[in-house]
Amino acid sequence: MACAKLNAASSQWIGQQSFTQRQGSSSSSSSTRFATRRVSFPIRAKAYSEELVQTAKTIASPGRGILAIDESNATCGKRLSSIGLDNTETNRQAYRQLLLTTPGLGEYISGAILFEETLYQSTTDGKKFVDCLRDAKIVPGIKVDKGLVPLPGSNNESWCQGLDGLASRSAEYYKQGARFAKWRTVVSIPCGPSALAVKEAAWGLARYAAISQDNGLVPIVEPEILLDGEHPIERTLEVAEKVWSEVFFYLAENNVLFEGILLKPSMVTPGAEHKVKASPETIAKYTLTMLKRRVPPAVPGIMFLSGGQSEAEATLNLNAMNQSPNPWHVSFSYARALQNSVLKTWLGRPENIEAAQKSLLVRAKANSLAQLGKYSAEGENEEAKKGMFVKGYTY
């Protein structure tokens with residue numbers, strides 16, 4: 001990082017540099033002595049600052065959200081097996097081609113999170129997937145974390161790995177066309193959560209965010225508070241406030257540019273096994289309370305994850321949050337809540353591709369309307385109302 005010297009006599013610098021400050025004095029007949037301390041003021045100038053801000057604004061554009069198709073090969077295999085398909089690269093490519101070449105998708109989708117395999121893949125006609133997205137005015141993104149592993153010393157909790165080599169990988173992803181990144185870690189309420197797990201999640205997200213911005217990628221910051229548990233919505237709010245407080249503390253410590261990030265929080269809901277189900281209005285009230293208490297208005301976009309909610313639930317809850325103006329663009333970054341109907345329509349059959357793509361547009365349009373606060377559940381089919389929560393679900 002370059003530093004510009006202001007004054008040789010005062011030894012003040014712009015950058016990670018310190019200067020001498022008087023702390024106090026004492027007098028004697030012969031001399032005056034000053035106690036000094038070193039004060040450091042880091043000022044970070046990111047090479048990609050303007051581009052990061054513009055990318056974040058593009059993704060957080062009215063009526064649009066993110067299509068998350070960044071499932072690992074193993075998780076994509078689970079999706080394919082649900083419709084009787086083998087987990088092969090050919091089948092994964094065919095499914096992702098169906099999604100990414102859907103005509104008109106860019107009207108409702110502003111960004112697509114890809115798995116590394118997909119970022120480097122092309123259609124069967126030889127067109128790069130990243131070019132398909134660009135032509136549709138959709139920003140390509142990339143999942144960069146390396147998954148969850150047990151966190152030693154915790155209450156059966158996990159931490160997210162992948163910081164080693166992240167800078168060089170991010171630089172390569174940028175060259176390939178990616179312009180934003182995603183890193184997912186999780187917090188479990190039934191497991192405490194422990195202070196150790198919360199701090200580890202927050203620090204890891206902050207380091208990832210700083211590294212991503214240094215390499216031109218807008219970081220999606222995602223500490224997912226899992227739905228698992230019997231706790232009431234008040235407990236979820238308490239934990240969410242603690243988690244986001246830690247996250248923003250460490251983002252600031254790592255000199256992350258807030259205008260150049262996006263958030264991907266869980267909605268504040270009761271535990272999936274809680275006896276009382278919350279209405280969309282209640283979920284919106286608690287979720288917005290958490291955001292207003294913890295998230296600076298400098299952040300351009302809040303792109304919610306669906307986390308096992310049904311397609312209709314995720315859309316209704318988002319719609320409820322957009323019934324009045326928010327300081328941020330409040331939108332969606334859904335995986336299963338956009339793909340479930342698509343998979344069941346496609347079934348791996350070429351003759352069903354057009355119908356499956358229409359199914360994707362139906363869900364994307366519904367969530368676009370919810371982002372604008374104009375969605376109505378009238379006419380939703382029963383399949384869209386089926387919950388997708390799986391206890392102990394792993395990606």
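- No hydrogens or angles considered: a donor-acceptor pair under 3.5 Å links the side chains of R64 and S61.
- Remark: the backbone N or O of V139 is not paired with any side-chain donor or acceptor of R179 at under 3.5 angstrom.
- The distance from the CG atom of L133 to the OG atom of S110 is 11.0 Å, given to the nearest 0.5 Å.
- Between K143 and E222 there is no salt bridge, since no side-chain nitrogen of the basic residue lies less than 4.0 Å from a carboxylate oxygen of the acidic one.
- Salt bridge present: K175 and E172 bring a charged side-chain N and a carboxylate O closer than 4.0 Å.
- When all heavy atoms are compared, the tightest approach of I142 to F115 is CD1-C, 3.8 Å.
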Determine, step by step, whether D135 and K127 satisfy the salt bridge (Lys or Arg N to Asp or Glu O under 4.0 Å) criterion, reporting the C-alpha distance in whole Å, the side-chain angles of both residues, the deciding distance to 0.1 Å, and the verdict.
CA-CA 11 Å; D135 290 348; K127 185 175 183 177; 2.5 Å; yes
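- For the residue pair T185 / E224, no side-chain donor-acceptor distance below 3.5 Å is found, with atom types taken as modelled.
- Under the 3.5 Å distance criterion, with hydrogens and angles disregarded, no donor-acceptor pair is assigned to the side chains of E157 and S188.
- Side-chain atoms of S212 come within 3.5 Å of backbone atoms of Y208 as a donor-acceptor pair (strictly under, hydrogens ignored).
- When each of P265, S266, S333 is checked for a side chain to side chain contact (heavy atoms under 4.5 Å, CB included) with L305, only S266 meets the rule.
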Between Q339 and Y334, does a side chain to side chain donor-acceptor pair (under 3.5 Å) hold up when you go through it step by step?
CA-CA 8 Å; Q339 297 181 49; Y334 294 164; over 6 Å; no
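- Taking both residues in full, the closest heavy atoms of P296 and F248 are given as CD-CE2, 3.5 Å, listed atom of the first, atom of the second, then distance.
- Taking CZ from R92 and OG from S72, the interatomic distance works out to 9.5 Å, rounded to the nearest 0.5 Å.
- By the 4.5 Å heavy-atom criterion applied to side chains, I261 and Q213 are counted as neighbours.
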Walk me through it: do T55 and T58 pass the test side chain to side chain donor-acceptor pair (under 3.5 Å)?
CA-CA 5 Å; T55 299; T58 298; over 6 Å; no
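- The line from OH of Y375 to CG of L318 is 10.5 Å long, rounded to the nearest 0.5 Å.
- The pair R96-E117 meets the salt-bridge criterion, with a side-chain N (NZ, NE, NH1 or NH2) lying under 4.0 Å from an Asp/Glu carboxylate O.
- V186 places none of its side-chain heavy atoms less than 4.5 Å from the side chain of P223.
- With R169 contributing its side chain and G162 its backbone, the two residues share a donor-acceptor pair below 3.5 Å.
- Note: the hydrophobic cluster containing L262 does not contain V53 (ILVMFWY, side chain heavy atoms under 4.5 Å, direct or indirect links).
- In plain terms, the two heavy atoms of A181 and V144 that are nearest each other are CB-CG1, 4.0 Å.
- Here the CG atom belonging to N317 is positioned 9.5 Å from the CZ atom belonging to F304, to the nearest 0.5 angstrom.
- Salt-bridge annotation for E246 and K242: present, with a side-chain N of the basic residue lying under 4.0 Å from a carboxylate O of the acidic one.
- Residues M303 and I220 fail the side-chain proximity criterion, which asks for heavy atoms closer than 4.5 Å.
- Using a 4.0 Å cut-off between a side-chain N of Lys or Arg and a carboxylate O of Asp or Glu, R336 and E71 do not qualify as a salt bridge.
- Judged by distance alone, with hydrogens and angles left aside, the side-chain atoms of N155 form a donor-acceptor pair with the main-chain N or O of C191 at under 3.5 Å.
- Residues F258 and V243 are members of one and the same hydrophobic cluster, defined by side-chain heavy-atom contacts under 4.5 angstrom among Ile, Leu, Val, Met, Phe, Trp and Tyr.
- In the hydrophobic clustering of ILVMFWY residues, with side-chain heavy atoms under 4.5 Å counting as a link, I302 and L257 come out apart.
- Between L196 atom CG and W159 atom CH2 the span is 11.5 Å, to the nearest 0.5 Å.
- Between Y173 and L166, every side-chain heavy-atom pair lies at or beyond the 4.5 Å cut-off.
- The backbone N or O of P300 lies less than 3.5 Å from no partner atom in the side chain of H329, so there is not a single donor-acceptor pair.
- Between the side chain of N215 and the main chain of I211, a donor-acceptor pair closer than 3.5 Å is present.
- In this structure, L98 is a member of the same hydrophobic cluster as F129, with clusters built from ILVMFWY side-chain heavy atoms closer than 4.5 Å.
- With contacts defined as side-chain heavy-atom distances shorter than 4.5 Å, the pair T118/L100 qualifies.
- The two residues I66 and I109 have their closest heavy-atom pair at C-CD1, 4.4 Å.
- At a threshold of 4.0 Å, the pair E238-R235 counts as salt-bridged, since one of the basic side-chain nitrogens sits closer than that to a carboxylate oxygen.
- Under the 3.5 Å distance criterion, with hydrogens and angles disregarded, a donor-acceptor pair is assigned to the side chains of Y286 and E234.
- Heavy atoms only, all atoms of each residue included: Q371 and N322 are closest at O-CG, 3.2 Å.
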Do K137 and E107 pass the side chain to side chain contact (heavy atoms under 4.5 Å, CB included) test, and can you show the C-alpha distance, the side-chain angles, and the key distance before you say yes or no?
CA-CA 8 Å; K137 305 294 190 250; E107 184 176 351; over 6 Å; no
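- Residues E241 and R293 are paired through a salt bridge, judged by an N-O separation under 4.0 Å between the basic side chain and the carboxylate.
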Carefully, step by step, assess I113 and L67 under the rule side chain to side chain contact (heavy atoms under 4.5 Å, CB included).
CA-CA 6 Å; I113 313 172; L67 170 64; over 6 Å; no
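- Relative ring orientation between W346 and Y95 is described as parallel, the plane-to-plane angle staying below 30° on a 0-90° scale split at 30° and 60°.
- The shortest distance between side-chain heavy atoms of K264 and R184 does not fall below 4.5 Å.
- Between the Q97 side chain and the T124 main chain, a donor and an acceptor come within less than 3.5 Å of each other.
- Taking OG1 from T236 and CD1 from I225, the interatomic distance works out to 7.5 Å, rounded to the nearest 0.5 Å.
- At a cut-off of 3.5 Å, with distance as the only test, no side-chain donor of D145 or Q161 sits close to an acceptor on the other residue.
- Ring geometry for W203 versus Y250: interplanar angle over 60°, hence perpendicular rather than tilted (30 to 60°).
- Transitive grouping of hydrophobic side chains (ILVMFWY, heavy atoms separated by less than 4.5 Å) brings V247 and L237 into a common cluster.
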I would like to know whether T315 and N367 meet side chain to side chain donor-acceptor pair (under 3.5 Å); could you show each step before the answer?
CA-CA 6 Å; T315 309; N367 286 293; 2.9 Å; yes
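- V256 and A206 get closest at one heavy-atom pair: CG2-O, 4.0 Å.
- Here the side chains of S341 and E311 are in contact, with some heavy-atom distance below 4.5 Å.
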May I have the step-by-step check of side chain to side chain contact (heavy atoms under 4.5 Å, CB included) for T101 and Q357, ending in yes or no?
CA-CA 9 Å; T101 60; Q357 290 179 329; 3.4 Å; yes
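- Between Q176 and Y120, the closest side-chain pair of non-hydrogen atoms falls below 4.5 Å.
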